[in-house]
Peer 1: 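Below is one structure. I have some questions about it.
Order of the sequence lines sets the chain letters (A, B, ...), proteins ahead of strands, with each chain counted from 1. Worth saying up front: this structure is predicted, and the values here are computed from it rather than measured.
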Number of protein chains: 2
Amino acid sequence: MTLSAVSMQMKSLEGDLGVTLFDRAHRPPKLTPDGRRICDHAEAVLKAESALLATSQSRTGLSGIYRMGFVPTASVRLLPDFLMAAERDAPQASFEIATDLSDALEDRVLSGDLDAAVITASSDQRGLQMDVLRHEALSYASCHPGNLEVLFATLPFLHFLPKSGIGKLIANHVGGRASRTITLDSVEAIMECVNRGIGFTLLPAPDIERFAVPDVIKTAEPGGLSRDLVLITRTTSQTSDLRTGIYTLFQKEV
Amino acid sequence: MTLSAVSMQMKSLEGDLGVTLFDRAHRPPKLTPDGRRICDHAEAVLKAESALLATSQSRTGLSGIYRMGFVPTASVRLLPDFLMAAERDAPQASFEIATDLSDALEDRVLSGDLDAAVITASSDQRGLQMDVLRHEALSYASCHPGNLEVLFATLPFLHFLPKSGIGKLIANHVGGRASRTITLDSVEAIMECVNRGIGFTLLPAPDIERFAVPDVIKTAEPGGLSRDLVLITRTTSQTSDLRTGIYTLFQKEV
DNA sequence: GCATAAATTCAGAATAACTGAAGTTAAAAT
DNA sequence: ATTTTAACTTCAGTTATTCTGAATTTATGC
């Protein structure tokens with residue numbers, strides 16, 4: 001850069017800011033008091049800019065701010081391990097987590113509001129890539145002995161969120177067999193009721209085991225019913241390794 | 001700004017950074033995870049830039065970072081009040097203070113290293129503007145009674161920094177009259193010696209009064225000797241109101 | 001699947017930035 | 001003090017960048 005170009009830029013900056021920055025009575029020109037203050041601020045600007053450049057240059061693997069969604073059961077069971085694995089293996093990535101129901105999360109991933117989500121697998125949806133994270137058997141849980149017909153006939157059925165992904169699976173298989181149904185939106189609350197003998201339920205085995213007292217009897221659903229927790233991402237996602245990068249973090253042992 | 005211009009800037013920025021910032025599968029384009037992180041950094045840059053603009057636009061009166069010098073006696077007596085006045089009446093100004101001897105401060109103001117300085121006035125120097133801040137009588141101080149001839153004959157003369165501005169004034173007037181001379185670089189140390197009767201001295205009356213115990217006898221110098229504390233600034237200084245602005249702060253009551 | 005609105009691309013125009021020569025000005029040397 | 005020297009500024013012309021408007025491609029709604 002030529003000296004004359006520097007001189008013109010100095011003059012131009014003074015004009016733009018409306019402040020005399022240089023005392024040209026000295027050679028080389030010295031900063032005025034105002035110039036010193038502006039210089040300090042300018043250095044702060046450059047520092048912020050070089051921080052920007054630093055993050056964009058030393059970028060490897062998963063990097064950036066990811067927005068992810070989790071269904072409630074996944075946010076309790078999968079999320080903590082996921083975040084620990086990310087902290088360790090993807091230090092340049094940070095996460096904004098939202099909890100919602102499967103349908104809503106599908107919409108939000110599809111619309112680009114979220115980059116990825118962990119939901120209960122349902123029928124394939126166009127534009128979404130699904131990767132199975134966990135395959136979980138559904139079991140009945142009760143404190144009272146007896147086969148399923150007896151339970152359905154004698155105890156209230158504790159039904160988890162019928163509108164949720166897992167809730168719809170449960171509804172399909174229970175059909176109209178329940179003599180009485182109580183709807184709840186909390187796995188922990190349902191299991192507390194089961195533990196006290198208030199009713200029985202059908203839930204993923206890991207969720208039952210999480211809260212069940214020793215008295216609780218688990219009965220596998222006769223039809224081999226299960227649900228898949230899947231990672232959904234947009235198929236048209238620009239960042240090619242977003243899907244595999246996040247999927248890998250779910251497979252890590254912590 | 002046209003939409004096409006925005007589009008070109010977006011593409012150009014992605015190329016410069018080497019990062020895909022936008023996911024163009026959406027309309028309008030959405031930020032990628034990396035884009036979100038870069039966006040946060042970019043906002044920090046803009047924030048720093050608007051802070052710069054703010055200081056250069058709301059500028060009134062004394063503003064900026066001023067570098068000032070004080071001779072030791074002035075840094076103790078004038079500086080605190082000056083800084084308090086500045087804090088109150090020139091909130092947009094901040095100060096970097098250096099303490100040095102008058103000659104050195106003259107050079108540093110002349111070379112532009114300092115914007116202004118408070119020194120003991122000497123012969124006028126080309127290129128420096130002088131404004132009198134304080135007119136101070138010089139007095140002899142001693143614990144022992146008797147006229148000056150007796151003091152000079154019987155007690156050591158405590159001589160403040162002979163190389164300093166005030167020191168040269170003192171040297172000129174004392175001449176060779178002292179039977180013994182002790183040189184010191186601290187007014188406080190000199191007055192401590194005077195207080196204990198170790199010797200006598202010749203100093204500005206305010207400096208004597210600052211440390212003298214009641215026993216000390218002050219004798220005005222017969223020739224009406226005095227020193228002026230003056231504010232020096234460069235005559236060719238670009239910032240026109242620097243001199244009057246600083247001078248005014250010295251006149252304020254706090 | 002088609003229509004519509006929106007983003008991108010391209011070529012030319014406008015703007016901004018830069019270079020080199022000439023003219024000033026501050027510091028150094030006589 | 002005056003002259004010399006080196007450095008900064010100004011000016012004119014060139015180069016590079018950015019912007020606009022029309023044509024094209026692309027996502028979304030019906």
Peer 1: I want to verify a distance call: between C:dT19, C:dA7, D:dT20, whose nearest atom is closest to the B:S4 side chain?
Peer 2: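 From the listed options, D:dT20 comes nearest.
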
Peer 1: Can A:D185 and A:K163 be counted as an ion pair, charged N to O under 4.0 angstrom?
Peer 2: no

Peer 1: Nearest whole angstrom, please: distance from the P of C:dA27 to the CG of B:L110.
Peer 2: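 It works out to 9 Å between those atoms.
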
Peer 1: Between B:D207 and B:R227, is there a side-chain N and carboxylate O pair less than 4.0 Å apart?
Peer 2: yes

Peer 1: Polar-atom pairs under 3.5 Å, protein N or O versus N or O of nucleotides 1-5 of chain C: list them with distances, or write none.
Peer 2:
none

Peer 1: Spell out, as yes or no, whether a donor-acceptor pair under 3.5 Å connects the side chain of B:S63 to the backbone of B:T60.
Peer 2: no

Peer 1: Any side-chain N or O of B:Q9 below 4.0 angstrom from OP1/OP2 of D:dC19?
Peer 2: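 Yes, B:Q9 has a side-chain N/O under 4.0 Å of OP1/OP2 on D:dC19.
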
Peer 1: Assess, by modelled atom type and distance only, whether the side chains of B:S111 and B:R234 contain a donor and an acceptor separated by less than 3.5 Å.
Peer 2: no

Peer 1: Start at the 5' end of DNA chain D and walk down; is the nucleotide closest to A:V6 or to B:H26 reached first?
Peer 2: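 The residue closer to the strand's 5' end, by nearest nucleotide, is A:V6.
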
Peer 1: Within the structure, does a side-chain N or O atom of A:K11 lie under 4.0 Å from either OP1 or OP2 of D:dT10?
Peer 2: yes

Peer 1: Look at the side chain of A:T2 against the base of C:dG20 and say whether a donor-acceptor pair falls under 3.5 Å; ignore hydrogens and angles.
Peer 2: no

Peer 1: Search all heavy atoms of A:Y66 against all heavy atoms of A:D115 and return the closest pair with its distance.
Peer 2: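 Scanning both residues completely, I find the closest heavy atoms to be CA-OD2, 3.4 Å.
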
